[in-house]
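Right, one structure below, let's go through it.
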Amino acid sequence: MSSVSTLSDLFDHAKLPFRIYHLGRRVMPCSRAHFRAFEEEKIAWESPFKGEARLALVIDDPDGQVDQSRIWCLALPLDEQGQLQPAARDAFLRRLLEAGLEASLHSEEDGQHDPMKDNPLAYAPDMMARAMLHAWLCHDNSLPLSEAAQHVARYIAAPTADDAPEWSDLSVQGIADWTVQLTTEDKALLATQLPQLEDHVVSALCQCLEHAPFQHEALAAALRTRTASDEPLRSLGLRAVIGTQTETACQWLDTLLTQTPSVEALAIVSLRGWQHLEHAERLPVFLEALAAHPDINLRDSLRDLALIPRLRLPVIMALQQASPASALGRRLSEMGLGRY
């Protein structure tokens, strides 16, 4: 396979259908065209996290059985421009070519040629990420709503009904399956039912919804109302809402920035709501809030934001324009960056 120089080439050459999913800032589908251009070092990774492109490479099962799909979770290192550092990917590719792709795909059966064994690129997502990845796979394969998700739908529709499922019987996987397949009607229903739902269910819903951004103003407003006055739920509500392109998300962020946001709140905005920082007035305020916390590693935080392609230039410009007397200007000076 002399023409094989990328993972995309390898699977295309083998005529194996595959999918790519983001595992970094959120669990979401990624287009194969973006992945190919990234592998060919033509573009930066669209959703970097901690200097890596964290992704799931899913090789579809020929019979359409999602549970039989081969899933390789990888963390590919990025350079200072957010583009692929190809050496580690090339080593992984060589491993696949030397072992043989078929042998690598059936490594669990023969106990050999496992491409993820002792692989420095191997990445282990947490339980919620795994649940959301499985939910997205079912959604993208147009599978019917799982039985567990149907239980969630029945509970949401009438949580206090005599025949409603017990909230404690609802599974995280069922909630994940339900959230990625929400219709407009489902979102409106959830918005009206939130006050009646148990805290544990609201918590799980928020953790799933942050990976399935919903563009529904009433639901965003209802989530903010339901979680804002409850300390354990507030951060989860923010995580679920801040990634949406809703007025509620913008208002919540602007309110946070007029106060003294916690380190956790700033991290949530950076991780889930960075799109809202593409704003000439909001970004400098956010960076100032980061700099105001002496225990935040400002260098790493700035690098993480600047690796996002759409934020790179705005972040650099904001740093260049920072007043030397501001918290941001002083921190930059302490780091020996002056006016960046």
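For clarity, every value in this text was computed on a predicted model and none was experimentally measured.
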Any donor and acceptor pair, going by atom type alone, linking the side chain of [X] with main-chain N or O of [Y] inside 3.5 Å?
X	Y	value
E52	A75	no
D186	T183	yes
R282	H276	yes
Q181	L145	no
Q85	L78	yes
D79	Q81	yes
Q245	Q215	no
E288	A327	yes
H211	A176	no
R330	A325	yes

I would like to know whether E198 and V201 meet side chain to side chain contact (heavy atoms under 4.5 Å, CB included); could you show each step before the answer? CA-CA 5 Å; E198 291 285 341; V201 177; 4.2 Å; yes

Check this for me, if you would: do [X] and [Y] make a salt bridge, where the nitrogen-to-carboxylate-oxygen distance has to be below 4.0 angstrom?
X	Y	result
R26	E210	no
D304	K50	no
R32	D12	yes
R36	E40	yes
E231	R234	yes

Side chains of [X] and [Y]: does their closest heavy-atom pair fall under 4.5 Å?
X	Y	value
N297	R299	yes
L233	L236	yes
T179	F214	no
W167	V152	no
L74	Y123	no
I308	V315	no
T258	D254	no
M128	C208	yes

side-chain hydrogen bond (donor to acceptor under 3.5 Å, both in side chains), that's the test. Do T255 and Q259 meet it? Break it down for me. CA-CA 7 Å; T255 299; Q259 302 164 350; 5.9 Å; no

Side-chain heavy atoms under 4.5 angstrom apart, residues restricted to Ile, Leu, Val, Met, Phe, Trp, Tyr: same cluster for [X] and [Y]?
X	Y	value
L97	I59	yes
L84	L307	no
L313	I43	no
L96	V4	yes
M116	L93	yes

Count the heavy atoms of every other residue, nucleotide or ligand shown that sit under 6.0 Å from CG of D295, and state whether that count exceeds 12. yes

Heavy-atom count check: over 12 atoms from other residues, nucleotides or ligands less than 6.0 Å from E264 CD? no

Nearest 0.5 angstrom please: [X] [atom1] to [Y] [atom2], how far?
X	Y	atom1	atom2	answer
F11	D60	CZ	CG	11.0 Å
F38	T6	CZ	OG1	11.5 Å
L328	L298	CG	CG	6.5 Å
L194	T227	CG	OG1	9.0 Å
R19	I71	CZ	CD1	11.0 Å
L305	L287	CG	CG	7.0 Å

Aromatic rings F35 and W45: how do their planes relate, parallel, tilted or perpendicular, breaks at 30° and 60°? perpendicular

Parallel under 30°, tilted from 30 to 60°, perpendicular over 60°: which one fits the rings of H34 and H22? tilted

Test side chain to side chain contact (heavy atoms under 4.5 Å, CB included) applied to I20 and V58, step by step: CA-CA 6 Å; I20 303 294; V58 181; over 6 Å; no

Would E46 and R310 count as a salt bridge (charged side-chain N to carboxylate O under 4.0 Å, His left out) if you check the C-alpha gap in whole Å, the side-chain angles of each, and the deciding distance to 0.1 Å? CA-CA 8 Å; E46 63 186 345; R310 294 174 64 93; over 6 Å; no

Validation: residues 218-225 side-chain donor-acceptor distances under 3.5 Å, sequence neighbours left out:
| residue | atom | partner | partner atom | Å |
| --- | --- | --- | --- | --- |
| T225 | OG1 | A221 | O | 3.0 |

Ignoring hydrogens and geometry beyond distance, is a side-chain donor-acceptor pair present between D169 and Y155 at under 3.5 Å? no

Are side-chain N/O atoms of Q193 and Q196 paired as donor and acceptor at under 3.5 Å? yes

Shortest non-hydrogen contact from [X] toward [Y]:
X	Y	value
R312	A306	CB-O, 3.2 Å
L257	P261	CD2-CG, 4.4 Å
Q173	A131	NE2-O, 3.0 Å
A157	P159	C-CD, 3.9 Å
A240	L209	CB-CB, 4.1 Å
V180	A135	CG2-O, 3.6 Å

Take S270 and F286 through the side chain to side chain contact (heavy atoms under 4.5 Å, CB included) test and state the conclusion after the steps. CA-CA 9 Å; S270 179; F286 179 79; 4.2 Å; yes

Check against side chain to side chain contact (heavy atoms under 4.5 Å, CB included), M132 and Q207: CA-CA 10 Å; M132 290 304 300; Q207 292 177 71; over 6 Å; no

